[in-house]
Amino acid sequence: MSRADSSDTAKGPPPLVTTSSSAVTKKAVGKRKRDSEIRLVPDDQRIFKSQRFYFFPNSDKHPARKLRIAKAIEFGATWESEFNESVTHIVADKSMDYGLLLKYLKKDALPPHIALVSENYPAECITFCRLLDPRQPQFKVRGYDLSAAAPPISSASSDRSLKLKPAPDSVRARQPETPVQDDRVPESPPTVSTEDGEGEEDRNPSAPPIESTAEFDAALKQARDLRHVPLDMEEDSGSRPTSSDGPATDDERPPAGSELDRRKKGKAQNYQAKFQCMHKHTGSDENPNVGTIAILQQMAEYYNQVGDEWRTRAYRKAISTLRNHPTKVWTREEALALPQIGGRLASKIEEIAYTNRLRRLDNAKAEPQDQVLQTFMQVYGAGFAQASKWVNAGYTTLDELVEKAELTPNQRIGIDHYADFNSRIPRAEVEQHGNAVRKALHKIDPAFDVIVGGSYRRGAKDSGDIDCIITRPNTDLPHIRQVVLDQLVPKLFAKRFLMAELAATSRDDGSKWHGASCIAGSSSSTGIWRRIDLLLVPSDELGAALIYFTGNDIFNRSLRLLASTKGMRLNQRGLYKDVIRGKGREKLSEGTLVEGRDEKRIFEVLGVPWRPPEHRIC
DNA sequence: GCCT
DNA sequence: CAGTACG
DNA sequence: AGGCCGCTACTG
């Protein structure tokens, strides 16, 4: 937590931005509870340096706008408290239009050197780490005709408007490398503008949303009010009935009705919506939050490797939520409205959205000890506890473990085939392993079935291991187990398909077998040991087993948690009802079996719309 | 971490 | 029993 | 404040 902060803040109070904005800045920032001050990013990242922003409306009362202002200042902008000729950019709320701005400024036209941009401009610039061309269509403000406003501006002189009002020369001279070259960005930023719901209004200027009327009226009222009030007073007038921001709040929300929809729906449905198993996986379409998700994923991995399973889970759930959210989440408030995202994660999401990185993560990654722990934890048979012991014992490499540490047989195999077990298995090879098992089994008894589950059944292009469900019509577990243990496994070992046994079911009890398998031959995968799991399933438990072995894990847990809230329980053997639970959800009675055989029926009874395996990715 |  | 692994 | 999946299954 020392790096990024130190450059600017270590030796004193946060730097003041400018005389004109410092007062309001401090005031604005003072209201924030948690992140209590604006901290400038390191000098070389201040893409807005020497730029002077005027917002419309120019108050930070609205949370989302306040955030935009704060972020702009963090990245070097000066916030002009009142409009003047030195302003380089006017950042207008998306509910505003050019006509309203002119009316408020009491002007007939905007000076050509001033760039009028929509509210998403600062964030986009920050995302791309440079000043973007204000004339890009996604920054267009309603009613502002670019061709008319900046008439014969051709590429050569296009960016001059930004230079017209540079900050003091001294500042500019010190940063010749500042990337103000708009021409380098001919193509608009890839995905954001089209996927960002906020851009919708620009595409439908003829049909402005109904809600904008409220904001429009509010802005007019605010404009009238401000005409008689010194601008600096605005922020102080907390006593003033803030009619403008109250009802207008909803307007600034992304247009998507997700939250609104949830509000309208019945209470029960709203409640169920919190379970990830209720939402189908929309991952096939590119998600606007991919960047945020990537960072959060790394955070989840970090917490996983430091043994914080609950934070890890929280991050994973939040990721799942973001993955299914149709629009890019920019602000804390926006994120907070989503399920499984609370205040802390919402703040992080905001930081990531605006900066594409998370300081917290940069720090965490730097710890070299974690790298070793991470390595050790990927050894089959070693978890957090064992890996921590090894780290504390001073071991730093796998070779060292083999030499000096006491290893269980499984851990030894895990180390010897560390690379094998941690490499992905192409879908075609998963199929080969499944076929090998099926072929051998059919030779024993053609009535047996082998179903490859896991990520393969979910349609994955590659998998981490091979999951085989072994079952047989009208057959109980003991018989299946006997055939597998007495005939199948020995046979597959003899064929040198199975190479190791990592966890075997006992002869008179149990249902799963873990080991390693290997395809002989001349393919590229020859000699690579793969983790293979066999699940022995009696025919009347096949449905529940399919759910279990298909996953994914988050989906399963969500489903099981949902069952428990409905007085039922779900495990790999079946769905049970009338379960009596004590304190917490402690189970006091078995309940009665509802369904175990039919996968779809289990979904039905739980009230979850059927989802094929490929849609069970949470 | 989030939620009740 | 704790630890690990499985989805 | 306390739960967060499974009275999962297997190992040592």
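All chains are named by letter (A, B, ...) in the order of the sequence lines, taking the proteins before the strands, and each is independently numbered beginning at 1. Quick caveat: nothing in here was measured; it's all calculated off a predicted structure.
Enclosure of atom NZ in Lys439(A) is not indicated, since only 12 or fewer non-hydrogen atoms of other residues, nucleotides or ligands lie within 6.0 angstrom.
Contacts of Ala314(A) with the nucleic acid, taken as non-hydrogen atoms under 4.0 Å apart, include base atoms. Among the atoms of the strands shown, base atoms are found under 4.0 Å from some heavy atom of Tyr548(A). Backbone-only contact: Gln386(A) has heavy atoms under 4.0 Å from sugar-phosphate atoms and none from a base. Within 4.0 Å (heavy atoms only), Arg458(A) reaches sugar-phosphate atoms of the nucleic acid but no base atom. Among the atoms of the strands shown, none is found under 4.0 Å from any heavy atom of Ile554(A). In this structure, Asn556(A) reaches the bases: a heavy-atom distance under 4.0 Å links it to at least one base atom across the strands shown. Thr312(A) comes within 4.0 angstrom of nothing in the nucleic acid, heavy atoms only. Using a 4.0 Å heavy-atom criterion, one finds that Arg457(A) contacts no nucleic acid atom at all. Ala300(A) comes within contact range of no nucleotide atom at all, as no heavy-atom separation falls under 4.0 Å. Using a 4.0 Å heavy-atom distance criterion, Ser558(A) is classed as making no nucleic acid contact. Within 4.0 Å (heavy atoms only), Asp308(A) reaches no atom of the nucleic acid at all. Looking at heavy-atom distances under 4.0 Å, Phe555(A) makes no contact with the nucleic acid at all. No engagement by Ala318(A) is indicated, since no non-hydrogen atom pair under 4.0 Å with the nucleic acid exists.
Straight-line distance between the P atoms of dA1(D) and dT4(C): roughly 30 Å, to the nearest whole Å. Comparing dG3(D) with dA5(C), their P atoms sit 25 Å apart, to the nearest whole Å. The P atoms of dC5(D) and dC3(B) are separated by 15 Å, rounded to the nearest whole Å.
To the nearest angstrom, P of dC7(D) lies 15 Å from CG of Asp509(A). Put simply, CD on Glu541(A) is 13 Å from P on dT8(D), counting in whole angstrom units. In this structure, Asp533(A) places its CG atom 13 Å from C1' of dT8(D), rounding to the nearest Å. Between the CD1 atom of Ile547(A) and the C1' atom of dT8(D) there is a distance of 15 Å, rounded to whole Å. Nucleotide dC5(D) holds its C1' atom 15 Å from the CE atom of Met568(A), rounded to whole Å. Rounding to whole angstrom units, CZ of residue Arg311(A) and P of dC2(B) are separated by 9 Å. When the P atom of dG6(D) is taken as reference, atom CG of Leu561(A) falls 7 Å away, rounded to whole Å. Rounding to whole angstrom units, CG of residue Asp508(A) and P of dA9(D) are separated by 14 Å.
Ring orientation note: the planes of Phe421(A) and Trp529(A) are tilted relative to one another, at an angle of 30° to 60°. Aromatic ring pairs are classed by plane angle as parallel below 30°, tilted from 30° to 60° and perpendicular above 60°; the pair Tyr354(A) and Trp330(A) is perpendicular. Ring planes of Phe493(A) and Trp513(A): perpendicular class, angle over 60° (limits at 30 and 60°).
Of the possible donor and acceptor atoms, one in the side chain of Asn289(A) sits under 3.5 Å from a partner among the backbone N and O of Val329(A). Within the 3.5 Å criterion, the main-chain N or O of Ala460(A) finds a donor-acceptor partner in the side chain of Arg427(A).
Base pairing annotation: dC6(C) forms a Watson-Crick or G-U wobble pair with dG6(D), both donor-acceptor distances under 3.5 Å.
Closest to the side chain of Gln340(A), out of dC7(D), dG3(C), dC3(B), is dC3(B). When each of dT8(D), dC6(C), dC2(B) is scored by its nearest atom to the side-chain atoms of Gln572(A), the top-ranked nucleotide is dT8(D).
Between Tyr303(A) and the phosphate of dG1(B), there is a side-chain N or O to OP1/OP2 separation shorter than 4.0 Å. Phosphate proximity of dG1(B) to Lys348(A): present, with a side-chain N or O under 4.0 Å from OP1 or OP2.
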(request) With salt bridge (charged side-chain N to carboxylate O under 4.0 Å, His left out) as the test, would you mind laying out the steps for Glu614(A) and Arg458(A) before giving the verdict? (result) CA-CA 4 Å; Glu614(A) 55 271 23; Arg458(A) 297 197 302 268; over 6 Å; no

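A donor-acceptor contact under 3.5 Å links the side chain of Arg560(A) to the base of dG6(D).
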